[in-house]
Amino acid sequence: MKVLKFGGTSVGSVDSIKTVISILEENLSKGERIAVVFSAMGGVTNRLIEIGKMAAAGNTEYVEFLKGVEERHFAVVRGLIPVKNQSSTFAAVRGLFNELEDILRGVSWIRELSERTLDFIMSFGERLSTLVITEILKSKGVAAEFCDARQVIRTNAAYGMGDVNFEITNHLILEHFAKSTALQCITGFIASTAEGVTTTLGRGGSDYTASIVGAALEADSIEIWTDVDGMMTADPRKVANAFTIPSISYAEAMELSHFGAKVIYPPSLQPAFAKNITLKVLNTFNTGFEGTYVQKSANGKEYVITGISSIDEIALVNIQGSGMIGVAGISGRLFTALSNNAISVILISQASSEHSICFSIDPKNAQKAIDVLEKEFATEIGLGHIDGISVEKNLSIVAIVGEGMKKNTGISGKLFSALGKNGINVVATAQGSSELNISVVISKSDLSKALNAIHGVFFQSETRSLNLFIVGVGLIGSTLIEQIRNQTKFLRDEKLLNLNIAGLSNTKKMLLDPDGIKPENWRDRVMDEGVKTSLPAFVQRMIELNLPNSVFVDCTSDKDIVQYYHMLLDASISVVTPNKVANSGSYSEYIALQRTALQRGVKFLYETNVGAGLPIINTIQGLMASGDKFLKIEAILSGTLSYIFNNFGGDNRFVDIVKEAKAKGFTEPDPRDDLSGADVGRKILILSREVGVPLEPEEVKISQILPGNCLNAPTVDAFFGELEISNAYFADMQAAAEARGEKLRYIAALENGKATIELKTVDASHPFYTLSGSDNIVSFTTERYKDRPLVIKGPGAGAEVTASGVFADIMSISSYLG
Ligand SMILES: NC(=O)C1=CN([C@@H]2O[C@H](COP(=O)(O)OP(=O)(O)OC[C@H]3O[C@@H](n4cnc5c(N)ncnc54)[C@H](OP(=O)(O)O)[C@@H]3O)[C@@H](O)[C@H]2O)C=CC1
Ligand SMILES: N[C@@H](CC=O)C(=O)O
Ligand code: NA
């Protein structure tokens, strides 16, 4: 025996009822014994309540509303019953509406709508839908019978939420089913008292009916047909990656649905659970969907948690005071006072210090709770034993649920770290000792971010998203976007990672789109949809969007942008940048950024500040963390100058080689920064700071390679002009070195706390002699690398290597976020 239940949407239209009929026919064709429970047509119950209230208020417009409800039922009769059989059903439906009209007239006359009357009015919803569908089945030759649940389900007279008398009910159901083998079409939601007065079953009503009938008949299974694909790992409206849970235990279903998952209302399924009956949640609108199985214990769990749920809006009440410590009975009085005033408590948290108790409630009850508690504890407040009672609003609860928590450690760690890394403050937390649920109270504005971040870390075989906001789409920025484009499939398939470009900007236009800007058409979109650039607006919008796993990527060489780093890190947004400005300003600024990132638990990564993609900063940070001491650094840190000195000579003009370096993407946006030594100066300064030498920019001693006329050129064009006329200056320098069998090298060094940059000539015995292209080389002498220094060498400038270094920083944030 199987009991099927179809909800309001499933019986809400001609088309959906057609599907319902075919599902029933298919079951019958297999020879399976089934019974079926129907809800009222979607929206009808609410409409009937509204109509009842209108009538009670003397508003005669209810008559029109009622006509609408009648018409919906007539439309189903017309649509699904052959014309020759329609009249008897029309008559039966009309009969019910006549009865309803009489009652409503009575309500409007006496202007009173008791719970008892309302139950009776509501009962028409299920009676009508079930009557019509029974007639449709009969017209198709199915041996179907209308079963008015008021004949078989007995409750007390608690109108609105009748308390079922199972002993009598079970007996009545068994007796009823013994009488006939026809398909019983049962009205959901309704019941009656022993005196025959109509009652309803409260929340989850028709599910409850199915559960009561299924349990009484000891059915093999109960199928709850809804309009969604079963129970999901999270609310799909809030978490795009949410997916269907294939199997879930009764207890988990209880926990999940308590917090928002409205697909089923498990308390109403208790009778079926008590008899160990398997419940399947299926989708009338997707009959291929296999369903969520709800059973005593779930099978084959792939993840440690089963789902995440939330309550969007709660208020947190806090009561605290030193007089509460060690005093028995405070919480007893507190919760009794609340319960006496019908204030339901959603979550409770008390630390072992007993200094405070906080609990969350529906915000509607907040003021009432304060009044009640101030009255209850008036004496203690007067004596100063209790400081007072405060309420915080605009909060939400997020709960992770799953029986896997019992067996696995580190779950709460994972939860809190996902929240922490996304800068989400946990206001309160509670975990039951059943270890089935960990709940956290957070700010409502962080709800969506929290749900997505948590879903990402717990359901990792689902693709996670990193949201990138890239400012600067010049050489490096656009190369980065191209690399992202080429790696999209690999990252998605192999790393389950989606790099979502949620914002882009250059100096003219900016575009933010949380749904993503595709790397395939970003130029067109920025051009067409972008608005005038405003960095403050870009940053503000980013913070407002509050997307989880956000990363700000600064691919400019702008000075002003740096002031936003703090704000971003403070908002728990990681920053990745090849821009050296922030780290080469004052030491206090450098250290402040490091601290903010550390405090906020986010990342500030800038590997490409020195040696482009070469792993220089990471190497230093690794050595420093493990306790090595740096004794000396010697390095060639300019890709541009390296390229120039490796290629200048012979017939080549100096200015042409500089232009080549620029064309190859080695130079700074302003090549004077490279040739003036400023760029190398910034790099050795950053390296000094990384190894623990707190230098200021002016302490780096830079010796110039440029003659004064070039150095002072006011514009880039003028600079190239001066280079043209200074060719002999550079040619002589190069020739003199060559004559000695040596090469020109612009070498930065840090030793004894002093940073210097000098143009030197090196002979073939020097490790810096054999460089080519835009090579950088760094030699670290440390306590551990004393006899033979640690050397890192390779191309240290260029679009591809720099963009890939930025990419690597982004990837390391993705692994950090987990
Ligand atoms: N080239 C290399 O090998 C290496 C470069 N770097 C660093 O990479 C960074 C980028 O260099 P590169 O790509 O060559 O520079 P580009 O000049 O090619 O690009 C800079 C981009 O930043 C944009 N931009 C500048 N200021 C702002 C602002 N205030 N708001 C919005 N957008 C802005 C520019 O917009 P618009 O197009 O409108 O001008 C442009 O899109 C620099 O900091 C550089 O030092 C680091 C290591 C190696
Ligand atoms: N312009 C720089 C690029 C890397 O920082 C260089 O030439 O090294
Ligand atoms: Na680097």
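Note that ligands are numbered from 1 as they come in the structure, with each ligand's atoms numbered from 1 the same way. Fair warning: this is a prediction, and the values are worked out from it, not measured in the lab.
Considering backbone and side-chain atoms alike, L475 places an N or O below 3.5 Å from some N or O of ligand 1. Between D558 and ligand 1, an N or O atom pair is found at a separation short of 3.5 Å. Inclusion of A612 in the set of residues having an N or O under 3.5 Å from an N or O of ligand 1 is not warranted. Looking at ligand 1, you'll find an N or O of G665 within less than 3.5 Å of one of its N or O atoms.
Minimum heavy-atom separation, N452 to A240: OD1-N, 4.1 Å. For the pair K659 and F720, the tightest heavy-atom approach, listed with the atom from each and the gap, is CG-CE2, 3.6 Å. The heavy-atom pair separating Y729 from L706 by the smallest distance is OH-C, 4.2 Å. Annotation for K238 and L451: closest pair CD-CD1, 3.5 Å, computed over non-hydrogen atoms. In this structure, G472 and T556 approach most closely via the heavy-atom pair CA-CG2, 3.7 Å. Across every non-hydrogen atom of F469 and S550, the tightest pair is CE1-OG, 3.8 Å.
Between N500 and N467, the side chains place a donor N or O and an acceptor N or O closer than 3.5 Å (distance only, hydrogens not considered). Between D446 and N546, the side chains place a donor N or O and an acceptor N or O closer than 3.5 Å (distance only, hydrogens not considered). A donor-acceptor contact under 3.5 angstrom links the side chains of D554 and Y565, judged on distance only. No hydrogens or angles considered: nothing links the side chains of N712 and R672 as a donor-acceptor pair under 3.5 Å. When only modelled atom types and interatomic distance are considered, E690 and Y590 share a side-chain donor-acceptor pair under 3.5 Å. Side chain to side chain, D763 and S765 meet the donor-acceptor criterion of an N or O pair below 3.5 Å.
The Na ion (ligand 3) has an N, O or S atom of L614 closer than 3.0 Å. For residue V610, an N/O/S atom approaches the Na ion (ligand 3) to within less than 3.0 Å. Note on A612: counted as a metal contact of the Na ion (ligand 3), an N/O/S atom lying under 3.0 Å.
Of the protein's non-hydrogen atoms, the one nearest atom 40 (C) of ligand 1 is G474 N, 3.7 Å. When hydrogens are left out, the protein atom nearest atom 36 (P) of ligand 1 is T507 OG1, 3.4 Å; that is the closest non-hydrogen contact. Looking at atom 20 (C) of ligand 1, its nearest protein heavy atom turns out to be C555 O, 3.7 Å. Remark: minimum distance from atom 12 (P) of ligand 1 to any protein heavy atom is reached at I476 CG1, 3.7 Å. Nearest protein heavy-atom neighbour of atom 44 (C) of ligand 1: E668 OE1, 3.4 Å. Looking from atom 43 (O) of ligand 1 to the surrounding protein, the closest heavy atom is T556 O, 2.7 Å. Residue, atom and distance of the protein heavy atom nearest to atom 4 (C) of ligand 1 are T802 OG1, 3.5 Å. Nearest protein heavy-atom neighbour of atom 32 (N) of ligand 1: N506 C, 3.1 Å.
A heavy-atom separation below 4.0 Å is not found between G639 and ligand 1. Under a 4.0 angstrom heavy-atom cut-off, I561 registers as lying outside contact with ligand 1.
Residue A797 has at least one heavy-atom neighbour below 4.0 Å for each of these atoms of ligand 1: 3 (O). Shown in contact with T608 at under 4.0 Å from a heavy atom are these atoms of ligand 1, numbered in order with element: 46 (C), 47 (C).
Residue contacts with ligand 1 for L535 involve side-chain atoms from C-beta outward but no N, CA, C or O (heavy atoms, distance under 4.0 Å).
Separation of atoms CG (N498) and CG (N549) is listed at 11.0 Å; rounding is to 0.5 Å. Separation of atoms CD (Q704) and CG (L675) is listed at 9.5 Å; rounding is to 0.5 Å. Between atom CG of residue L744 and atom CE of residue M733 there is a gap of 5.5 Å, rounded to the nearest 0.5 Å.
The pair D679-K580 meets the salt-bridge criterion, since a charged nitrogen lies less than 4.0 angstrom from a carboxylate oxygen.
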Ligand 2: which protein N/O atoms lie under 3.5 Å from its N/O atoms?
unit_1: ligand 2; atom_1: 1 (N); unit_2: F666; atom_2: O; d: 2.7
unit_1: ligand 2; atom_1: 1 (N); unit_2: E668; atom_2: N; d: 3.3
unit_1: ligand 2; atom_1: 1 (N); unit_2: E668; atom_2: OE2; d: 2.7
unit_1: ligand 2; atom_1: 1 (N); unit_2: D674; atom_2: OD1; d: 2.7
unit_1: ligand 2; atom_1: 5 (O); unit_2: K580; atom_2: NZ; d: 2.8
unit_1: ligand 2; atom_1: 5 (O); unit_2: K683; atom_2: NZ; d: 2.9
unit_1: ligand 2; atom_1: 7 (O); unit_2: G639; atom_2: N; d: 3.3
unit_1: ligand 2; atom_1: 7 (O); unit_2: T640; atom_2: N; d: 2.8
unit_1: ligand 2; atom_1: 7 (O); unit_2: T640; atom_2: OG1; d: 2.5
unit_1: ligand 2; atom_1: 7 (O); unit_2: F666; atom_2: O; d: 2.9
unit_1: ligand 2; atom_1: 7 (O); unit_2: D674; atom_2: OD1; d: 3.3
unit_1: ligand 2; atom_1: 8 (O); unit_2: G639; atom_2: N; d: 2.7
unit_1: ligand 2; atom_1: 8 (O); unit_2: K683; atom_2: NZ; d: 2.9

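Residue P578 holds the heavy atom nearest to atom 6 (N) of ligand 1 of all those in G798, G611, P578, P669.
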